[in-house]
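From a predicted model like this one, the values you see are computed outputs, not experimental measurements. To find a chain, count down the sequence lines: A is the first, B the second, and so on, and within it residues start at 1.
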Amino acid sequence: MVEQESTAKFAERARSAQTVVVEAKDLAAVFEYAADLTLQQGGQSIAAPGIKGKELAHLSKLCQAKKIELLTGDLRQKADMISTGLTGADWGIAETGTLVVDSKSEDIRLAGMLCDTHVAFLKKSRIVPDAGTIEKELSRMMKTSHGYTAFISGASRTADIERVLTIGVHGPRELHVLILGEDKQ
Amino acid sequence: MIKTPGDVKTYKKDLKRALSNTFLGATLDAFASAYPASRANAFSGIDFEALAAEIARAKDESIPNLEKLLEEFTVQAQKAGAVVHFARTAFEANSIIASIAEENGVRRIVKGKSMTAEETFLNDHLERSGYEVTETDLGEWIIQMRGEGPSHMVMPAIHLSRREVAELFTKVTGQAQDPDDIGAMVRVARSELRRKFLEADMGISGANFAIAQNGAIGLVTNEGNGRLVTTLPRVHVALVGVDKLVPDVKSAMRILTALPRNATGQLISTYVTWITGAVECKSAPGSRKSMHIVFLDNGRLALAKDPVFSQALRCIRCGACANVCPIYKLVGGHNYGHVYIGAIGLVLTYFYHGRQNARAIVRNCLNCRACKSVCAAGIDLPRLIKEVYGAILEVEGEKPVKNVLLEKTLGNRRLFHFLLRSGSHLQAPVAEGRFLRHLPLIFSEEHQFRRLPALAKVPLRDKWEKINPVTQNPRYKVAFFGGCLTDFVYPEQGQALLDACRDLGVRFEYPMEQTCCGLPALMMGEKETARRVAVQNIKAVDPAEFDYVLTLCASCGSHLKEYVNLLSDEPLLGVKAAQLKDKVIDFSSFMTKVLKIDPSQFLAGGGKTAYHAPCHLCRGQGVREEPRELLAIAGLEYVQTKDEEVCCGFGGSFSLDFPEISAELLKRKLDNVAASGTGALVTDCPGCVLQLKGGMENRGGAIEVKHIAEIVAERRK
Ligand code: SF4
Ligand code: SF4
């Protein structure tokens, strides 16, 4: 119940910050979504530095089929080439529609910062009512040496010219959050 | 680079220029109108007062322990590979940062938004040392290229129009920019700055938090530039005021709940980034960022020990105190602060940037308390502003003539009241009905925006015994605190009080030794005089002898309640001051809550009535519903008007010192009332009556202005 409520609230709050929130069946569906979105927006590449092993093989095949370039590392060298950044999120905070992304890895950071569109996937069970609920976990994430913990709530925005809200000043112009239901088996 | 005039004359010229800047006026007005609703929306479901109190409490716990927190932070951050520096002064901080740049062979620097770096004028220092420094927050970048300082702590370029930005960008890019295509201009910034990010060797950020428990810093941004500044370059320096230290994650989260909501009405800013130590950075040797945290003292640790001013360190830099300030709204941040802006700027300028920069701006405060009511850290800003003003007068030793006069007269009740009585005779040749025909010579052209009232022929105190009815077996024994205006200018308001309470079982007394409440003295920075009259009044009106102490003056009432601050270190008087605080009551609360009047005691079918909420009643004493309720009970049709709780511009001697601002606030107030189509405007403070009535008279007096006691007395059956 709490999970349902938190998910609904997360979606509502995230949408109020122009985030696109969609439910996805599994990771394969996330990959499909990211690939289709990339093509739709006229993009050419997906940066997915956090995807490994079997899943990476799957994504790689998909990208090949759709003629999308897949970038998996050294994103610093490819700063101008990232259309879509695809990363996971560790937590979702319902109260503010916020994603918590452990961004120790430089490539994870860059995938979410230098792209035009950020697609993030989040397990439903990881959505909590507020930041207080995961205070311990946050403390732990910060405590690890060389920690970089990102709270992300929407796409990059500014209102610095005549207070007109304008999206996409330094970071992504769009944020899509795909919520993964739990595998019941 | 930024200039803030040290003399009032030049300052007033600047104010005049700002008042005639129609773009600025319209933008700030639009912002001020939109802000309260979006703020309220963002806080829905959250008890703001409780949150602010909690932040204040936690900060007050940390402030005496900043050095300890710093030690703890340093241990943790160094464990995580950061280098922690401590700078005692602004110059020292700038030098440390310049030498970090030198040691690391840096040439190009990108910067995230940091008020602390503005405080130390870091850019100037680095540029003089030969580094290329680029601000990357859009607003900061714009003002950097224009060679200006920020005009708001959160929205640094709010004073500029799209046209001015387009002109600037046209120059920068060499390509014409369309001022109406803001999206395109933002894209220009994106691509220009993206290049700068990629080329930079060093990133400089501020920090909203430094968490002692784990050595992490927290950055709050919307644009995402803070993330790029801390990720792309191989060196990261964070410049952090020691006041940003918090013990743990919980404290940081608590502040984060308030900060974006109070700043811009957002639930949260788009990016909040927590960085612990030397993070991965593939362009740095060993793939580890060279990470430095420079803590700035610049007087903060000493401020932490000050019994009065330490609370200024609670500030979380949300900027809300500027957002709601009626003067900020008229003149903008460049004329309402030095580096730090708004109410907190008026206070901090003295400490961080000196007396010269503070002495003119600090006078420009109405004491309307709008800032205090929204402060996320519960700082008593209006009080601190007056304390700074007093401190500057004290240090400079040269007081304005009016202060000397005030000190001499107010401290001596007999002399003060003798002068007021004589004034009534002396003014005879220039009095015309209840107003003065000409303004006395000390006033200038600019004071003509309202007509000043004449002093009453017979003050209230001289006819009190005659008009005060004898009440047999009273239910309540109430001391009436007149205050100077009711006593000497508007005695009819006192008569109205007696009429309104006729036959309701109240025995009023007017203790004759009472004198001015002392607020005017405090407003002029004369704390000692304010103390002296406070003592005189407490001796005159012993709260233990009465059920209530009623005043028709919102300012007197709220100030009487604050005697506890003035007399807290006086053992016996402190107790009386606390008792007084509990017994002071305003007219509307007394009628509705104590006497519990009902419509049967009043005539029905009264006309439409607008209400002006005095600052010192709605915010000063938290009385909001009672006056409106009272109007309804008294058979009047209360009509809501725009900005009812915004100051009318009186502010006591403020309206004499800054007539241009007072006039503009009055004009807006009366325009709003006129738009409501009512026949009467009431309020519950003789100061506001003076301002509103005088302004209305100047416009032809179409709407009657009264004290609420007068209109209620008229409606009694
Ligand atoms: S008291 Fe009023 S005028 Fe003074 S700084 Fe605060 S909001 Fe502005
Ligand atoms: S003084 Fe209070 S309202 Fe003003 S910026 Fe600081 S915390 Fe915000």
Side-chain angles (χ1 to χ4, degrees), chain A residues 13 16-17 73-77 79-80 93 95-98 100 103-110 112-114 130-132 134-136 138-173 175, chain B residues 27 30-31 76 79-81 136-139 142 155-158 160-162 165 182-183 185-187 189-190 193-194 197-198 211 213-214 216 222-225 227-228 230-232 248-250 253 256 264 266-283 287-288:
Chain A
R13 293 283 158 100
S16 72
D74 286 328
L75 296 183
R76 193 179 272 275
Q77 313 310 325
D80 295 331
I93 300 173
E95 192 204 6
T96 48
T98 300
V100 181
S103 309
K104 259 194 298 299
S105 140
E106 175 176 295
D107 282 325
I108 294 279
R109 255 177 282 157
L110 293 177
M113 291 177 198
L114 297 174
D130 49 38
I134 47 168
E135 199 182 292
K136 275 211 191 75
L138 290 172
S139 290
R140 209 171 304 131
M141 274 166 102
M142 289 183 208
K143 182 122 190 167
T144 29
S145 291
H146 323 309
Y148 199 109
T149 309
F151 285 14
I152 302 175
S153 318
S156 155
R157 68 196 52 221
T158 184
D160 273 348
I161 303 178
E162 284 197 16
R163 291 180 43 247
V164 176
L165 179 67
T166 315
I167 303 290
V169 54
H170 288 303
R173 297 186 170 96
L175 173 65
Chain B
T27 306
F31 174 57
Q76 296 302 329
K79 240 196 259 170
T136 60
D137 172 87
L138 177 57
I142 292 170
M155 297 163 291
I158 190 172
L160 295 173
S161 70
R162 59 185 76 194
V165 177
I182 290 178
M185 291 197 275
V186 169
R187 283 195 292 280
R190 182 184 173 103
L193 291 171
R194 185 60 70 86
F197 282 122
L198 292 167
I211 307 179
Q213 178 194 42
N214 53 26
N222 271 319
E223 298 185 358
N225 61 320
R227 306 200 303 159
L228 292 164
T230 56
T231 294
L232 286 169
D248 46 29
V249 174
K250 190 179 181 147
M253 292 302 162
L256 187 60
T264 51
Q266 285 174 283
L267 295 177
I268 192 166
S269 302
T270 310
Y271 302 110
V272 183
T273 304
W274 309 93
I275 303 173
T276 323
V279 296
E280 184 186 33
C281 176
K282 290 190 180 155
S283 63
S287 283
R288 284 283 152 224

Side-chain contact test, heavy atoms from C-beta onward, threshold under 4.5 Å: evaluate it for Ile152(A) versus Tyr271(B) and give yes or no. yes
N-O pairing of Lys282(B) and Asp107(A) below 4.0 Å: yes
Looking at side-chain heavy atoms only, is the closest gap between Gln213(B) and Lys143(A) below 4.5 Å? no
Is there side-chain contact between Leu114(A) and Arg194(B), with heavy atoms separated by less than 4.5 Å? yes
Main-chain N/O of Leu110(A) paired to Arg227(B) side chain as donor or acceptor, under 3.5 Å: no
Chain A contact via Ser269(B) - side chain, backbone, both or neither, heavy atoms under 4.5 Å: backbone
Below 4.5 Å, heavy atoms only, C-beta onward: do Val165(B) and Asp160(A) meet side chain to side chain? no
With a 4.5 angstrom heavy-atom cut-off, could you sort out which part of Lys250(B) is near chain A: side chain, backbone, both or neither? both
Which portion of Ala157(B) sits near chain A, non-hydrogen atoms under 4.5 angstrom: both
Any chance you could measure Thr230(B), atom OG1, to Arg109(A), atom CZ, to the nearest 0.5 Å? 7.0 Å
Do you know which of Thr231(B), Ile268(B), Ile275(B) has the most heavy-atom pairs under 4.5 Å to chain A? Thr231(B)
Phe31(B), part contacting chain A, at a heavy-atom distance under 4.5 Å: both
Would you check if Met142(A) and Gln76(B) make a side-chain contact, meaning some heavy-atom pair closer than 4.5 Å? no
Top of Leu256(B), Leu232(B), Leu193(B), Thr264(B) for chain A proximity - count of heavy-atom pairs under 4.5 angstrom: Leu232(B)
Find out whether Cys281(B) and His146(A) are in side-chain contact, i.e. whether some heavy atom of one side chain is under 4.5 Å from a heavy atom of the other. no
So does Glu106(A) get a backbone contact from the side chain of Glu280(B), meaning a donor-acceptor N/O pair under 3.5 Å? yes
Distance from Leu267(B) atom CG to Ser16(A) atom OG, nearest 0.5 Å? 6.0 Å
Drop me the distance from Ser156(A)'s OG to Arg190(B)'s CZ, to the nearest 0.5 angstrom. 6.5 Å
When only pairs under 4.5 Å are counted, which of Ala159(A), Ala17(A), Ser105(A) shares the most heavy-atom pairs with chain B? Ser105(A)
Nearest-0.5 Å distance that lies between atom OG1 in Thr136(B) and atom NE2 in His170(A): 5.0 Å
In Å, rounded to the nearest 0.5 Å, how long is the span from CE of Met185(B) to CD of Glu162(A)? 8.0 Å
Max heavy-atom pair count under 4.5 Å with chain B, selected residue of Met113(A), Glu135(A), Lys104(A): Met113(A)
Any side-chain heavy atom of Leu198(B) sitting closer than 4.5 Å to one from Asp80(A)? yes
Heavy-atom contact with chain B under 4.5 Å, split by part of Arg163(A): side chain
Could you check which of Ala278(B), Ala189(B), Gly224(B) has the highest count of heavy-atom pairs closer than 4.5 Å to chain A? Ala278(B)
Count the heavy-atom pairs under 4.5 Å between each of Ala150(A), Ser139(A), Pro172(A) and chain B, then report the option with the highest count. Ser139(A)
Counting heavy-atom pairs closer than 4.5 Å to chain B, which one of Gly168(A), Ser103(A), Gly132(A), Ala131(A) comes out on top? Gly168(A)
Beyond-backbone contact of Leu138(A) with Trp274(B), side-chain heavy atoms, under 4.5 angstrom: no
Of the listed Thr144(A), Thr158(A), Thr166(A), Asp74(A), the one with the largest count of heavy-atom pairs under 4.5 Å with chain B is Thr158(A)
Using heavy-atom distances under 4.5 Å, tell me whether Thr98(A) contacts chain B through its side chain, its backbone, both, or neither. side chain
